[in-house]
Amino acid sequence: MIILVGVAGSGKSVQGKLLAREINAKYFSMGEFLRQHVDPTIQKKMLTGELISDQEVIEVVDDELSKVQNNDEEYILDGFPRTVTQADWLLEEVKSGRFKIRGVINLNASPEVIVPRLLDRNRQDDNLIAIKQRMSEYNKLTLPIIDHMKSANIKIFKINAEQTIEKVHADIINSLKADK
């Protein structure tokens, strides 16, 4: 399992799909899944940039990951975990032998780069209020996951996501190859 972490607009979806295609892995985008498969109450929360409860997210991910055939099947998680509670659940699953985490790809990009990217997407949940809320939630809840994973001996690959799509992808591939 490879985990993609980065603030909204850092290119997680684009890079996740490219990586999945290149290494023949399954790709799971938490954001896409929630936008398509959740009830209207949760969708309303998402439109304001509010995070869904840890328990709701864990249930969705647990259900999706139960479809994985075996521990050796490569899987890319985009947008999970987003909180330390979610990371703790995942690390417990790893400890029990259910999953193996190959590493965390940490896509870094500044607000000056990501805000225009998000506004250009023209998605309903990409408005300035929601973007600021997501950035705040990311800094407060998601960034601590990186140190949390590192302390659990999970490899962290820090990638500059302000580069071209091709360069970011090449950096991800090179990081994963160098780690083998």
query: What heavy-atom pair brings A8 and R134 nearest, and what distance separates the two atoms?
result: CB-NE, 3.6 Å

Minimum heavy-atom distance S29-S13, with the two atoms named: OG-OG, 4.3 Å

query: Is there a path from L176 to M149 through hydrophobic residues (I, L, V, M, F, W, Y) whose side chains come within less than 4.5 Å of each other?
result: no

message: Rounded to the nearest 0.5 Å, what separates atom NZ in K100 from atom CE in M1?
response: 11.5 Å

task: List in chain and number order the residues that pass side-chain contact (heavy atoms from CB on, under 4.5 Å) with S151, two or more places apart in sequence or in another chain; answer none if no residue qualifies.
output: none

message: Please find the pair of heavy atoms, one from L65 and one from R98, that lie closest to each other, and give the distance.
response: C-NH2, 3.9 Å

same_hphob_cluster(L143, I131) at 4.5 Å side-chain heavy-atom cutoff: yes

task: Apply the side-chain contact (heavy atoms from CB on, under 4.5 Å) test between H148 and each candidate in L91, T83, V104; give the one that qualifies.
output: L91

message: Please report the interatomic distance CG(N127) to CG(N122), rounded to the nearest 0.5 Å.
response: 11.5 Å

- request: Show the numbers, then the answer: is there a side chain to side chain contact (heavy atoms under 4.5 Å, CB included) between E74 and I2?
  value: CA-CA 8 Å; E74 195 71 79; I2 297 170; 3.7 Å; yes

- prompt: Would I23 and I101 show up in the same hydrophobic cluster when neighbours are defined by side-chain heavy atoms closer than 4.5 Å?
  reply: no

D147: partners by salt bridge (charged side-chain N to carboxylate O under 4.0 Å, His left out), with sequence neighbours left out: none

field: Summary of salt bridge (charged side-chain N to carboxylate O under 4.0 Å, His left out) pairs that have at least one residue in residues 110-121, sequence neighbours excluded
entry: R121-D126

Donor-acceptor list for residues 152-160 side chains, cut-off 3.5 Å, not counting sequence neighbours:
{"unit_1": "K155", "atom_1": "NZ", "unit_2": "D179", "atom_2": "OD2", "d": "3.4"}
{"unit_1": "N160", "atom_1": "OD1", "unit_2": "E162", "atom_2": "N", "d": "2.9"}

task: Would you name the heavy atoms of P144 and V84 that are closest together and state the gap between them?
output: CB-CG2, 4.2 Å

Side-chain cluster (under 4.5 Å, hydrophobic types only) that I165 belongs to, other residues: V14, L18

field: I172/E22 under side chain to side chain contact (heavy atoms under 4.5 Å, CB included): CA gap, chis, key distance, verdict
entry: CA-CA 11 Å; I172 291 170; E22 178 136 344; over 6 Å; no

- request: With sequence neighbours excluded, give me every ring pair (Phe, Tyr, Trp, His ring centres under 6.0 Å) pair touching residues 8-30.
  value: F28-F33

- prompt: Between G16 and L4, which heavy-atom pair has the shortest distance, and what is it?
  reply: CA-CD1, 3.3 Å

- prompt: Can you name the closest pair of heavy atoms from L107 and A161 and give their distance?
  reply: CB-CB, 3.9 Å

query: What do the steps show when you test Y138 against V5 for side chain to side chain contact (heavy atoms under 4.5 Å, CB included), and what is the final call?
result: CA-CA 10 Å; Y138 174 80; V5 175; 4.0 Å; yes

query: Roughly how far, to the nearest 0.5 Å, is CG of L118 from CG of L128?
result: 9.5 Å

query: Can you tell me if D62 uses its side chain to pair, donor with acceptor, with the backbone of I58 under 3.5 Å?
result: no

Reported CD1-to-CG distance for the pair I3 and L90, which is rounded to 0.5 angstrom: 5.0 Å

query: K12 side chain to D78 main-chain N or O, any donor-acceptor pair under 3.5 Å?
result: no

statement: Rounded to the nearest 0.5 angstrom, the CD1-CD1 distance for I76 and I105 is 7.0 Å

- request: Consider only side-chain heavy atoms of I, L, V, M, F, W and Y, link residues closer than 4.5 Å, and tell whether I146 and V168 are in one cluster.
  value: no

- prompt: So, does S136 use its side chain to make a donor-acceptor pair with the main chain of Q133 at under 3.5 Å?
  reply: no

task: First locate atom CG of L77, then atom CD of Q86, and finally report the distance between them rounded to the nearest 0.5 Å.
output: 11.0 Å

message: Looking at E137 and R82, is there a salt bridge between them, counting it only when a charged N and a carboxylate O are closer than 4.0 Å?
response: no

- prompt: According to the interplanar angle, ranging from 0 to 90°, do the rings of W89 and F99 count as parallel (below 30°), tilted (30 to 60°) or perpendicular (above 60°)?
  reply: tilted

- request: Report yes or no: do V94 and Y75 belong to one cluster of Ile/Leu/Val/Met/Phe/Trp/Tyr joined by side chain heavy-atom distances under 4.5 Å?
  value: yes

